[in-house]
Each structure stands twice: as structure tokens, then as C-alpha cells.
**Q** 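My questions all concern the structure below.
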Amino acid sequence: MASPQQPNRVASTPNRPMPKGRAIDPIRVLRRHWKGVPIFGIVGGLLGVAAFFVFSTVYPLYTGEVMFEVRPGVSEATDIGTVDTSSDMMVERVQATQTFLIKDRAILTTAVSDRTMLQTTWLMSFVDSNGVVLIDDAVDELEEEIKTPIKKGTNLYGISWSGHVASDVPILLNAISSSYLERAKDLDNEIFRSNERLFDEEGENIKLTLQDLNDELQSFIRQKGITTLDDTRFSQDMFEIQQLTAEITRSRAQLTATQQTYLQVAAKLDGTFNATMEDHLLAERDPIIARQVQTLEVLQANLRALRERLNPSHPQVREVEISVRATEDQIAAKIDEIIRRNLNAQLKEFSDLQAKLAVGIERTEQEIEKKDAGLRELAADQSQFEHMISRRKQLEGQRDDNQRLVASLRLMKLRADASRVRQATFAKEPRIKSFPDIEVMVPAGIFLCSAAFVGIVFLRELTDQKIRSASDVMIIPGA
């Protein structure tokens with residue numbers, strides 16, 4: 001009997017994840033090829049020097065710039081100087097607007113068409129076979145090459161341009177700056193002319209209206225028999241009422257002060273308030289008090305002499321001390337008596353003054369009522385007349401304001417500092433090339449050659465199929 005068939009055993013390799021690619025150790029690669037880096041760096045430096053001399057001969061560039069300043073504005077035409085009232089944001093907006101205006105095609109066309117540009121080598125490259133300058137082509141190239149730098153944190157902005165001939169730079173930049181400043185001046189003059197025309201028309205309208213009102217006013221005066229001397233504001237009655245009003249105001253203020261003083265004096269007599277230092281000083285000036293004070297000073301001098309010679313308990317010393325105290329008490333009592341006498345006199349004086357002021361205020365109020373009745377009767381006939389006078393004064397004020405505005409506008413137009421923009425620097429012929437720069441070309445050559453060498457080394461490592469380490473075996477299938 002045949003034995004059962006054994007299953008076929010197929011030998012297989014263990015399942016292992018396949019690496020995605022060959023692993024490269026950058027440090028090991030650079031350590032193996034380190035000598036090439038300085039060699040290629042030296043080669044790159046030599047190439048940079050060679051490129052510098054080649055570009056200096058074949059493609060040199062000279063750069064120049066012209067700077068402009070955003071000036072503070074003039075608030076009044078009669079100001080001695082300018083006042084800086086612009087914020088940083090406003091200055092930045094003006095700079096951005098002006099740099100956009102500099103690159104306007106009309107300004108560049110005017111600059112290129114300037115006769116001084118015929119001296120430049122740059123413009124000669126745009127002359128066709130017939131000797132005609134291709135202005136549009138030159139302006140197209142200038143629009144692409146011109147730059148408008150803005151100095152942050154300052155009021156300066158400008159234009160810069162690079163050319164192959166050093167003498168071309170100042171000629172072209174000065175032509176552009178002249179065209180730009182002329183255009184800015186034309187814009188300012190256009191605004192001045194527009195405002196001047198508007199103010200002149202407004203002034204003519206005011207003049208015609210004022211003439212019609214004067215004719216109407218003269219006709220009204222003839223019909224009503226009213227003269228400007230009868231104006232209630234300048235009449236004798238109004239003047240007297242003003243005087244009476246001022247007088248009654250002063251009298252009422254004086255009455256109020258008198259009443260307050262009266263109450264204070266009464267309170268001192270009642271004992272509610274104590275006598276003030278002024279009351280004591282006034283009482284001490286009384287002749288009686290002065291004599292008693294002299295007597296007290298004599299007693300005090302005798303007391304000091306006795307105390308120096310005798311014992312403080314001596315009868316003679318005690319007797320003089322009693323006399324001193326008695327005199328002091330007598331002086332204090334007399335001062336209180338004089339203070340009360342003075343307060344009673346003041347109370348009587350203020351009481352009489354209150355009655356006098358009250359009678360005067362009542363009489364003045366009656367006079368004011370009488371004068372006011374006459375003024376109301378006069379004002380009833382002059383209300384329309386005063387309205388016409390007021391309207392005429394208003395028109396005259398508008399006419400004067402308009403004349404001042406026109407005069408200020410014309411004065412502002414003549415001022416040199418009225419413009420918000422002025423040229424800060426002028427273009428000069430550059431003495432040093434802006435391109436090529438030896439300090440840029442040599443480091444650039446070193447960097448590019450070194451980078452190219454390192455890139456080639458790593459590219460060779462990626463494409464090399466040789467097994468150089470144990471890790472390279474992991475990428476071979478079935479290994």
C-alpha cells in the first residue's frame with residue numbers, strides 16, 4: 001500500500017520589509033570628498049574674479065538717484081514758515097501717490113523728449129535707420145527700468161535708474177525730475193486757478209445781492225421815515241437803560257454783601273460767632289486801651305525788678321502780681337466792651353445801608369420799566385429795518401471773507417513753500433559701478449562652485465549601485 005503523498009515543502013525566505021531606497025550618510029560622504037570642497041571654492045573664487053572683469057568690460061551698470069521731500073503744509077498764506085501737521089500715515093500716502101505720478105507715461109515722455117537727452121548714449125540706441133528717435137520704445141523700456149525708492153521713517157522718496165554709461169545717469173534723472181516737478185507745479189496751478197475762478201464767481205454774486213439790498217433799504221427809509229440814528233441799540237434810552245441795569249446789578253450785589261455782613265455782626269453779638277482778630281485789633285487801637293497797656297507794661301517792669309531782688313513769696317512781690325493780673329483782667333474786659341460797642345455801631349451802619357440800597361434798587365427798577373416801554377414802542381417800528389441792516393452786514397461779512405480768501409489764494413500761489421513736494425537732492429555722475437561688485441561676485445562664485453560640487457557628489461551617491469557598506473545589502477531583494 002502506497003504511503004500517502006507528502007505535501008511539497010517549498011523553501012521560502014522570511015518576509016522582511018523592503019527598504020524604500022538606499023540610505024546615505026551625509027557626514028560620511030562629505031568626509032570622503034572633503035578635499036574637493038576647498039578646491040572648487042578656490043575655482044569658484046577665480047571664476048568670480050574673472051566674471052567681475054568680464055562684466056566690468058561687457059555689461060557695466062552705473063546707478064544714480066534723485067530724492068524728493070514731502071514738505072509740511074502751509075496753513076495760512078501769511079505764515080512765516082511751514083508747520084508740520086502731517087502724520088506718518090499721511091506722509092506715506094503722499095509718497096505712494098507721488099511715486100505713482102513719477103512713473104506716469106506723460107512725464108516720462110516729456111523727459112525722454114528733452115533735448116538734453118540727445119547727449120546720452122542710451123537714447124541713441126533707439127534711433128532708427130532714418131535718424132528718428134523712437135520715443136515710445138524708449139519710454140516702454142524706461143517704465144520697466146526706472147525705480148521709485150521710498151526712505152522709511154523719513155519724508156523722502158525718489159527715482160533711481162541704472163545705465164551702462166555713467167554720464168547718461170545724471171542727464172536722464174535730471175530730465176525726469178524736471179518733468180515731474182513741472183507736472184506737479186501744473187497740477188497745483190490748476191487747483192489754484194479752479195479755486196480762484198470759484199471764489200471770483202461767488203464774490204460777484206455777493207456784490208450783486210448786496211447792491212439790490214442797498215437799493216431796497218434806501219427805498220424803505222424814504223417810505224417809513226426811519227434813520228440809522230434811531231436804532232434802538234444806539235439810542236439815548238438804550239444807553240440809559242444799560243447804565244441803570246449796570247447800576248442795579250451793582251446795588252444788588254452790594255445789598256447781598258451787606259446782608260451777609262449784617263448777619264455775621266448780629267451773630268457775633270448773639271455769641272454764635274466769636275469776634276475775629278480784626279475786631280480785637282480795632283479795639284486795641286482805642287486810646288483807653290493804649291493807656292491801660294502802658295500802665296500794665298510799667299507794672300510788669302516793676303514785677304521783674306522785684307523778682308530779681310526779692311523772694312517770689314515776698315508780700316511786696318505778691319502785691320505787684322495781684323496788680324498786674326487785675327490790670328490784665330481790666331484790659332480784657334475793656335476790650336470786650338469796646339468790641340461790643342463797635343459791633344453795635346457796625347450793625348446800625350449795615351442796617352441803614354440795607355434800607356438805602358433797597359430804596360435805590362426800587363427806584364432804579366421803576367426807571368428801567370419806564371425806559372423799556374419807550375424802547376419797545378421804537379423797536380416795533382424798526383424791526384424790519386434792523387432785519388435789513390443785519391442782512392446787509394452779513395452780506396458785507398461774506399464779501400470781506402471772500403476778498404480775504406482770494407487775496408490769500410493769490411499770495412499762496414506766489415509762495416515758494418506752498419508746494420508739498422520739493423527736490424531734496426540732484427543727480428550726480430556716479431564714479432563707482434553698481435554692477436558688477438567684486439564683493440558679491442567672488443563670494444557668489446565660491447558658493448556656486450562649492451554647491452555644485454556637493455550636489456554632484458550626492459547625486460553620484462544616489463545613482464551609484466556599488467555596495468560600500470552592510471546597509472547597502474538590505475536593498476538587494478532576497479538578501
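What's counted below: heavy atoms across the whole structure, side chains too, no hydrogens, waters or symmetry copies. For this chain, numbers begin at 1 and follow the sequence in order.
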**Q** Out of Ile102, Asp104, Ile107, Asp188, which one pairs with Arg183 under the side chain to side chain contact (heavy atoms under 4.5 Å, CB included) rule?
**A** Ile107
**Q** Check for a donor-acceptor pair, side chain of Asn130 on one end and backbone N or O of Val132 on the other, with a separation under 3.5 Å.
**A** no
**Q** Does Ile456 reach the side chain of Phe453, with side-chain heavy atoms less than 4.5 Å apart?
**A** no
**Q** In the structure I gave you, are the side-chain heavy atoms of Glu201 and Arg197 within less than 4.5 Å of one another anywhere?
**A** yes
**Q** Atom CG in Leu448, atom CG in Leu47: separation rounded to 0.5 Å?
**A** 9.5 Å
**Q** Is any side-chain heavy atom of Val127 closer than 4.5 Å to a side-chain heavy atom of Leu134?
**A** no
**Q** Which pair of non-hydrogen atoms, one from Gly41 and one from Ser450, has the smallest distance, and what is that distance?
**A** CA-OG, 3.5 Å
**Q** Examine distances only and state if a side-chain atom of Ser177 and a backbone atom of Asn174 form a donor-acceptor pair shorter than 3.5 Å.
**A** yes
**Q** Is there side-chain contact between Glu145 and Glu141, with at least one heavy-atom pair below 4.5 Å?
**A** yes
**Q** Under 4.0 Å between a side-chain nitrogen and a carboxylate oxygen: does that hold for Glu247 and Arg252?
**A** no
**Q** Ignoring hydrogens, what is the shortest heavy-atom contact between Lys151 and Gln95? Give both atom names and the distance.
**A** O-NE2, 4.3 Å
**Q** Answer with yes or no whether the side chains of Thr148 and Thr99 bring together a donor and an acceptor at under 3.5 Å.
**A** no
**Q** Gln354 versus Leu255: any side-chain heavy-atom pair under 4.5 Å?
**A** yes
**Q** Going from NE2 on His387 to CD1 on Ile389, what distance comes out if it is rounded to the nearest 0.5 angstrom?
**A** 11.0 Å
**Q** Just jot down the ring pair (Phe, Tyr, Trp, His ring centres under 6.0 Å) partners of Tyr157, sequence neighbours excluded, or say none.
**A** Phe68
**Q** Nearest heavy-atom pair of Leu173 and Glu65: which atoms, and what distance?
**A** CD1-N, 3.5 Å
**Q** For Pro60, does its backbone N or O pair with a side-chain atom of His164 as donor and acceptor, under 3.5 Å?
**A** yes
**Q** CG of Leu395 to CG of Asn402: how many Å apart, nearest 0.5 Å?
**A** 12.0 Å
**Q** If you take all heavy atoms of Cys449 and Val43, which pair is closest and at what distance?
**A** SG-C, 4.4 Å
**Q** Take atom CD1 in Ile432; do more than 12 heavy atoms of anything else shown fall under 6.0 Å from it?
**A** no
**Q** On a heavy-atom basis, which atom in Ile135 and which in Ser113 lie closest, and how many Å separate them?
**A** CG2-OG, 4.0 Å
**Q** Before giving the answer on side chain to side chain contact (heavy atoms under 4.5 Å, CB included), spell out for Thr63 and Val169 the whole-Å C-alpha distance, their side-chain angles and the decisive distance to 0.1 Å.
**A** CA-CA 7 Å; Thr63 303; Val169 176; over 6 Å; no
**Q** Can you name the ring pair (Phe, Tyr, Trp, His ring centres under 6.0 Å) partners of Trp122, sequence neighbours left out?
**A** Phe126, Trp161
**Q** One pair to check against side chain to side chain contact (heavy atoms under 4.5 Å, CB included): Met117 and Leu172. What are the steps and the verdict?
**A** CA-CA 7 Å; Met117 290 295 296; Leu172 186 139; 3.6 Å; yes
**Q** Given the rule in the side chain to side chain contact (heavy atoms under 4.5 Å, CB included) test, do Ile176 and Val66 qualify, once you have shown the distances and angles that lead to the verdict?
**A** CA-CA 9 Å; Ile176 295 177; Val66 176; over 6 Å; no
**Q** Is Glu216 close to Met388 at the side-chain level, that is, under 4.5 Å between some pair of heavy atoms?
**A** yes
**Q** Please assess Gln254 against Leu353 for the test side chain to side chain contact (heavy atoms under 4.5 Å, CB included), listing each intermediate value before the final yes or no.
**A** CA-CA 9 Å; Gln254 187 177 2; Leu353 183 58; 4.3 Å; yes
**Q** Look at atom CZ of Arg399 and say whether more than 12 heavy atoms of other residues, nucleotides or ligands are closer to it than 6.0 Å.
**A** yes
**Q** Checking side chain to side chain contact (heavy atoms under 4.5 Å, CB included) against Tyr180, which of Ile159, Val421, Thr110 comes through?
**A** Val421
**Q** Could you check if a side-chain atom of Thr120 sits within less than 4.5 angstrom of a side-chain atom of Val165, using non-hydrogen atoms only?
**A** no
**Q** Can you give me the closest heavy-atom contact between Ala138 and Val112, atom names plus distance?
**A** CB-CG1, 4.0 Å
**Q** Measure the spacing between CD1 of Ile446 and CE of Met441 and express it to the nearest 0.5 Å.
**A** 12.0 Å
**Q** Inspect the contact between Asp140 and Arg105 and indicate whether a charged nitrogen and a carboxylate oxygen are less than 4.0 angstrom apart.
**A** yes
**Q** Can you tell me how far CD of Glu429 sits from OH of Tyr62, rounded to the nearest 0.5 angstrom?
**A** 9.0 Å
**Q** Looking at NZ of Lys185 and CG of Asn189, how far apart are the two atoms once the value is rounded to the nearest 0.5 Å?
**A** 6.5 Å
**Q** Return yes when atom CD of Gln218 has more than 12 non-hydrogen atoms of other residues, nucleotides or ligands closer than 6.0 Å, and no otherwise.
**A** yes
**Q** Between the side chain of Ser194 and the main-chain N/O of Glu190, is any donor-acceptor distance below 3.5 Å?
**A** no
**Q** Side-chain contact test, heavy atoms from C-beta onward, threshold under 4.5 Å: evaluate it for Asp168 versus Leu123 and give yes or no.
**A** no
